[in-house]
Amino acid sequence: MAGERSAFEAGLDAFRIEAESLLESGRALEEGAFERAVGLLAAAQRIAASGCGHSGIACQHFAHLMCCIERPARFISPAEAVHGATGYLKPGDVMLLASRGGKTEELLPILKICRQKGVFIITVTENAASPLAAGADVVLPMRVTREVDRWNSQGTTSFTAMSVLFDALQAALIEKTGFQNEAFALIHPGGAVGARLNPQREGYK
């Protein structure tokens with residue numbers, strides 16, 4: 001319709017909107033809470049993450065990031081969590097729960113199970129007064145100025161903010177644990193990255 005943004009303008013706005021949200025998320029991060037989360041993750045024998053929708057997809061990314069630095073981790077779907085999958089976790093392990101609003105009903109039973117098992121809980125949310133935040137050992141804030149679509153309803157900016165927070169946790173854990181790139185070269189021999197990390201080895205291109 002006349003007067004509306006072009007498709008290209010909408011695309012450019014998406015970059016601006018998400019960049020603004022990332023800056024807000026960085027400002028909201030508290031050093032004490034972040035350091036506490038890193039310490040729990042560094043000490044855990046096993047790490048799990050759970051969320052629904054876009055948050056769940058971001059949690060899969062988080063679990064992969066942890067495995068890439070040899071912190072054993074897996075994504076546990078909310079549906080499987082209440083059908084035995086939380087047996088993966090032992091006392092002292094960490095469950096990361098991700099929910100922008102902090103009220104995702106599917107995650108509340110997981111919170112209860114983990115509390116009873118002695119599993120530490122890290123909640124990533126925008127709502128510090130939510131049930132998932134109230135039951136957590138550590139709350140890491142995310143900030144979403146708005147989603148990028150015209151109706152502010154798709155989980156776009158929120159997915160980006162959450163994913164970058166997970167990237168930040170991995171970067172911090174590399175420093176905390178002293179993880180070396182040689183170890184990554186061993187577990188990542190495939191693709192262009194593997195070829196760069198293992199130039200002397202045959203069969204990894």
Side-chain angles (χ1 to χ4, degrees), residues 29-52 54-99 102 104 106-125 128 130-142 161-190 193-194 197-198:
L29 205 58
E30 298 175 357
E31 183 176 356
F34 187 80
E35 292 281 1
R36 171 73 168 149
V38 171
L40 290 176
L41 292 168
Q45 293 296 308
R46 288 159 295 271
I47 299 165
S50 191
C52 293
H54 282 90
S55 296
I57 295 170
C59 284
Q60 294 178 52
H61 168 64
F62 172 73
H64 181 68
L65 286 172
M66 294 298 98
C67 289
C68 285
I69 56 171
E70 297 189 332
R71 314 305 306 171
R74 62 169 288 192
F75 169 74
I76 298 179
S77 79
E80 297 299 330
V82 295
H83 287 273
T86 45
Y88 168 74
L89 295 165
K90 304 297 182 184
D93 290 342
V94 172
M95 167 64 85
L96 183 145
L97 299 174
S99 168
T104 305
E106 294 90 337
L107 300 183
L108 295 176
I110 304 174
L111 178 70
K112 182 177 180 180
I113 291 168
C114 289
R115 299 306 304 179
Q116 292 176 333
K117 287 180 63 107
V119 172
F120 293 109
I121 299 162
I122 298 172
T123 291
V124 176
T125 184
S130 64
L132 289 176
D137 295 286
V138 182
V139 179
L140 296 178
M142 53 182 286
M162 196 171 286
S163 294
V164 172
L165 177 55
F166 294 158
D167 294 346
L169 285 172
Q170 194 215 42
L173 276 164
I174 287 173
E175 301 303 320
K176 178 79 171 179
T177 64
F179 183 78
Q180 297 297 307
N181 211 33
E182 291 79 6
F184 187 52
L186 176 64
I187 62 173
H188 196 310
V193 172
L197 294 175
N198 299 280

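All residue numbers refer to positions in the sequence shown, counting from 1.
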Undergrad: Counting distance only, does the side-chain N/O of K176 pair as donor-acceptor with the main-chain N or O of V38 below 3.5 Å?
TA: no

Undergrad: What is the distance from atom CD of Q60 to atom OG of S50, rounded to the nearest 0.5 Å?
TA: 10.0 Å

Undergrad: Looking at A49 and F75, what are the two nearest heavy atoms and their distance?
TA: O-CD1, 3.3 Å

Undergrad: Can you give me the closest heavy-atom contact between G87 and K117, atom names plus distance?
TA: CA-NZ, 4.0 Å

Undergrad: Is the closest side-chain heavy-atom distance between F34 and V138 below 4.5 Å?
TA: no

Undergrad: Where do A136 and T123 come nearest, in terms of heavy atoms and distance?
TA: CB-OG1, 3.3 Å

Undergrad: Do side-chain atoms of R71 reach the backbone of A42 as a donor and acceptor pair under 3.5 angstrom?
TA: yes

Undergrad: Stepwise, does the side chain to side chain contact (heavy atoms under 4.5 Å, CB included) test hold for I69 with T177?
TA: CA-CA 9 Å; I69 56 171; T177 64; 5.6 Å; no

Undergrad: Dump the intermediate steps for side chain to side chain contact (heavy atoms under 4.5 Å, CB included) on M162 and T125, then the final yes or no.
TA: CA-CA 9 Å; M162 196 171 286; T125 184; over 6 Å; no

Undergrad: Rounded to the nearest 0.5 Å, what's the gap from CG on L111 to OG1 on T104? Could you check?
TA: 11.5 Å

Undergrad: I need the R74 CZ to I47 CD1 distance, nearest 0.5 Å.
TA: 13.5 Å

Undergrad: Below 4.5 Å, heavy atoms only, C-beta onward: do L96 and F166 meet side chain to side chain?
TA: yes

Undergrad: Does any N or O in the side chain of T86 come within less than 3.5 Å of the main-chain N or O of A81, such that one atom is a donor and the other an acceptor?
TA: yes

Undergrad: With sequence neighbours left out, write down each residue that passes salt bridge (Lys or Arg N to Asp or Glu O under 4.0 Å) with R46, or none if nothing qualifies.
TA: D93

Undergrad: Hey, are the side chains of V139 and R36 touching, using non-hydrogen atoms and a 4.5 Å cut-off?
TA: no

Undergrad: Let me confirm one number: the CE-CG distance from M66 to L41, rounded to the nearest 0.5 Å.
TA: 6.0 Å

Undergrad: Looking at side-chain heavy atoms only, is the closest gap between L65 and L169 below 4.5 Å?
TA: no

Undergrad: Any idea which heavy atoms bring A161 and M142 closest together, and the distance?
TA: CB-CE, 4.4 Å

Undergrad: Test your reading of the model: is there a side-chain donor-acceptor pair from E106 to the backbone of P78, 3.5 Å cut-off?
TA: no

Undergrad: Heavy-atom count check: over 12 atoms from other residues, nucleotides or ligands less than 6.0 Å from H64 NE2?
TA: no

Undergrad: Over all heavy atoms of both residues, which pair between S55 and A98 is shortest? Give the atoms and the distance, please.
TA: CB-O, 3.6 Å

Undergrad: Tell me the closest heavy-atom pair linking F184 and C68, and the distance in Å.
TA: CD1-O, 3.4 Å

Undergrad: To the nearest 0.5 Å, tell me how far I110 CD1 sits from I121 CD1.
TA: 10.0 Å

Undergrad: Report the distance from atom CD of E80 to atom NE2 of H83, rounding to the nearest 0.5 Å.
TA: 7.5 Å

